[in-house]
Asks: 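The structure follows.
Below, read A as the first sequence line, B as the second, and so on, with proteins coming before strands; counting in each chain starts at 1.
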Amino acid sequence: MSDQNSHEHPSVATYLKIAVILTVVTAVEVALYYVPEFGLLAPTLLVLSAAKFALVVMFYMHLKPDNKLFTNIFWPPLLLATGVILALMALLGNW
Amino acid sequence: MSTAATAHYTSTGLDTRKIAFWAFIGSECLLFGSLIATYLSYEGKSVVGPYPGEILDIPLTSISTFVLLMSSLAMVLALDGVTKGDNKQARIWLATTVLFGAIFLGFQAYEFQHFVHNGLTLSTNLFGSTFFVLTGCHGLHVLGGVIWLSSLLIQSYRNKLGPDKAMTVEIAGLYWHFVDVVWIVIFTVVYLIQRG
C-alpha cells in the first residue's frame with residue numbers, strides 16, 4: 001500500500017520565516033490598537049488575524065503540502081463555526 | 001510488533017489516527033466557535049463593571065500571545081528533530097514547547113488572579129461569565145497540551161521517540177497548533193477589538 005502520509009514537510013527555514021511573519025503581524029496588530037481614531041480597526045485586525053490563522057494551519061499544521069482530505073475535513077466545521085458566530089450575533093442584534 | 005499493527009493505514013493510504021484527529025479538530029472548531037459566539041453576542045451588554053476596557057491588559061497579553069506563537073515554532077522544530085532521528089534536537093524543542101506553554105498558563109493564572117482581585121469573577125457580569133468560560137476553556141486545552149507534550153518529552157529521554165513515532169508527535173503538534181490558532185482569534189476578538 002502506498003504511504004500517502006509521507007508528504008514533504010516545509011523546511012526549517014520556512015518555519016523560521018513563518019515565525020518572523022507571525023511576530024511582525026502581531027506587533028502591527030498591537031500597534032494598531034494604540035492608534036487613536038483608526039476607523040478601520042476591527043476589519044483590519046480581523047484580516048490580519050485570519051492571515052495568521054491561515055499561515056499556522058497551512059505551514060505548521062501542514063495542510064498545504066498534506067493530502068487534500070485533511071483540508072476537506074477541517075474547513076466545513078470551521079465555516080460552520082464562523083456561521084454560528086455571525087448568526088448568533090445577528091440574532092441578538094450585537095454587531 | 002508487526003507493521004500492520006503500528007501503521008494504522010486505511011484504504012485511502014492515510015493514517016487513521018490523523019484522519020480521526022482532524023475530525024476531532026473540526027469538532028473543537030465548533031466548541032470554540034460557540035464559546036466565541038456567546039462572548040461576542042453578550043459583549044457590551046454588562047450592566048455593571050468592571051468592563052473590558054477597564055481591566056484587560058493589552059501589553060501583558062501581547063507578551064503571552066508572542067510566547068504561545070513561539071511555542072508553535074518550537075513544536076515544528078521538535079517534529080523536525082523526531083522525523084530526522086535527531087533526539088537532541090527533538091528533546092530541546094519539545095522542552096521549549098512545554099516551557100512556553102507553562103509560561104502562557106502562568107500569564108493566564110496571573111491575569112485571572114488580577115481580575116478577581118479587581119472585582120471581576122464568573123458571576124460579576126456578562127463580561128466576566130463569557131470571558132472566564134472562553135479563556136478558561138482555552139487555558140484547560142493548553143494545560144492538556146502541556147501534559148501531553150511532557151509525556152512525549154519523557155519518552156524522548158527514555159530513547160523511545162524515534163522516527164517511527166513521528167506520526168505520534170505530528171498529531172500532538174496538530175493539537176498544539178490548533179490551541180495556538182484559537183488563541184490568535186481570541187486575542188483579536190476579545191482583547192484588541194473591544195466594543196464595551
Side-chain angles (χ1 to χ4, degrees), chain A residues 1-5 9-12 14-16 18-19 22-23 26-27 29-30 32-34 41-42 45-46 48-50 52-57 59-63 66-67 69-95, chain B residues 7 9-15 18-19 21-23 25-34 36-38 40-45 58-59 61-62 65-66 69-70 72-73 75-77 79-80 83 166-167 170 173-174 176-178 180-182 184-185 187-189 191-196:
Chain A
M1 183 181 288
S2 65
D3 183 1
Q4 299 290 323
N5 299 287
H9 282 184
S11 65
V12 170
T14 304
Y15 289 146
L16 292 172
I18 298 297
L22 292 173
T23 303
T26 304
E29 285 177 327
V30 176
L32 286 177
Y33 173 81
Y34 288 105
L41 181 66
L45 288 175
L46 287 174
L48 291 175
S49 175
K52 284 163 65 183
F53 187 103
L55 282 175
V56 173
V57 170
F59 292 98
Y60 284 179
M61 296 173 84
H62 307 132
L63 263 195
D66 229 333
N67 191 291
L69 178 66
F70 299 122
T71 306
N72 293 333
I73 292 173
F74 178 60
W75 288 115
L78 181 65
L79 289 176
L80 186 58
T82 308
V84 167
I85 292 171
L86 297 176
L88 203 57
M89 287 174 73
L91 276 172
L92 295 178
N94 203 23
W95 285 108
Chain B
Y9 290 135
T10 63
S11 58
T12 61
L14 298 169
D15 191 295
K18 196 167 169 182
I19 295 174
F21 207 80
W22 272 108
I25 287 175
S27 72
E28 290 279 276
C29 282
L30 295 172
L31 168 69
F32 281 104
S34 60
I36 291 169
T38 307
L40 291 176
S41 298
Y42 289 118
E43 191 179 19
K45 292 189 174 178
I58 302 301
T61 315
S62 301
T65 300
F66 174 72
L69 285 173
M70 290 306 104
S72 264
L73 171 64
M75 186 67 232
V76 286
L77 294 177
L79 174 61
D80 186 65
T83 308
M167 183 55 73
E170 185 170 349
L174 286 178
W176 192 255
H177 300 309
F178 178 73
D180 186 16
V181 293
V182 169
I184 286 173
V185 177
F187 180 60
T188 301
V189 300
Y191 289 86
L192 297 180
I193 305 174
Q194 295 171 24
R195 298 182 301 160

Asks: If I measure from the heavy atoms of chain A, does B:Phe32 come under 4.5 Å with its side chain, its backbone, both, or neither?
Replies: neither
Asks: State, yes or no, whether a side-chain contact exists between B:Trp22 and A:Leu63 at a heavy-atom distance under 4.5 Å.
Replies: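 Heavy-atom side-chain distance check passes, below 4.5 Å.
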Asks: Could you check if a side-chain atom of A:Ile73 sits within less than 4.5 angstrom of a side-chain atom of B:Ile25, using non-hydrogen atoms only?
Replies: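 Side chain of A:Ile73 against side chain of B:Ile25, heavy atoms only: no contact under 4.5 Å found.
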Asks: Distance check, rounded to the nearest 0.5 Å: A:Leu55 atom CG versus B:Ser72 atom OG?
Replies: 11.5 Å
Asks: Nearest heavy-atom pair of A:Ala81 and B:Leu30: which atoms, and what distance?
Replies: N-CD2, 3.8 Å
Asks: Side chains of A:Tyr33 and B:Ile193: closer than 4.5 Å at any heavy-atom pair?
Replies: no
Asks: Walk me through whether B:Leu192 and A:Leu32 qualify under side-chain contact (heavy atoms from CB on, under 4.5 Å).
Replies: CA-CA 9 Å; B:Leu192 297 180; A:Leu32 286 177; over 6 Å; no
Asks: Supply the atom-to-atom distance B:Thr188 OG1 to A:Leu48 CG, rounded to the nearest 0.5 angstrom.
Replies: 8.0 Å
Asks: Counting C-beta onward and ignoring hydrogens, is there a side-chain heavy-atom pair between A:His9 and B:Leu79 closer than 4.5 Å?
Replies: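 A side-chain contact exists here, since the closest heavy-atom pair is under 4.5 Å.
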Asks: Say you draw a straight line from CZ of B:Phe66 to OG1 of A:Thr23; how long is it, rounded to the nearest 0.5 Å?
Replies: 4.5 Å
Asks: Could you give the distance from CD (B:Glu43) to CE (A:Met89), rounded to the nearest 0.5 Å?
Replies: 7.5 Å
Asks: Check the pair B:Asp180, A:Met61 against side-chain contact (heavy atoms from CB on, under 4.5 Å), reporting the backbone distance first and the verdict last.
Replies: CA-CA 11 Å; B:Asp180 186 16; A:Met61 296 173 84; over 6 Å; no
Asks: Side chain from CB out, backbone as N, CA, C, O: work out which of these in B:Leu31 comes under 4.5 Å of a heavy atom of chain A, or both, or neither.
Replies: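 Contact with chain A: none, neither part.
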Asks: Anything under 30° is parallel, anything over 60° is perpendicular, the rest tilted; go ahead and classify A:Tyr60 against B:His177.
Replies: tilted
Asks: Can you tell which part of B:Met75 gets under 4.5 Å to a heavy atom of chain A, answering side chain, backbone, both or neither?
Replies: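 No part of it gets close to chain A.
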Asks: Quick one: CG on B:Leu73 to OH on A:Tyr15, what's the gap to the nearest 0.5 Å?
Replies: 10.0 Å
Asks: Rounded to the nearest 0.5 Å, what separation is found between the SG atom of B:Cys29 and the CZ atom of A:Phe74?
Replies: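 Going from the SG atom of B:Cys29 to the CZ atom of A:Phe74 covers 4.5 Å.
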Asks: Within the structure provided, determine whether A:Phe70 and B:Leu14 are in side-chain contact (heavy-atom separation under 4.5 Å).
Replies: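 Yes, at least one pair of side-chain atoms sits under 4.5 Å.
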Asks: Flag the pair B:Val181 / A:Lys52 as yes when at least one side-chain heavy-atom distance between them is below 4.5 Å, and no otherwise.
Replies: no
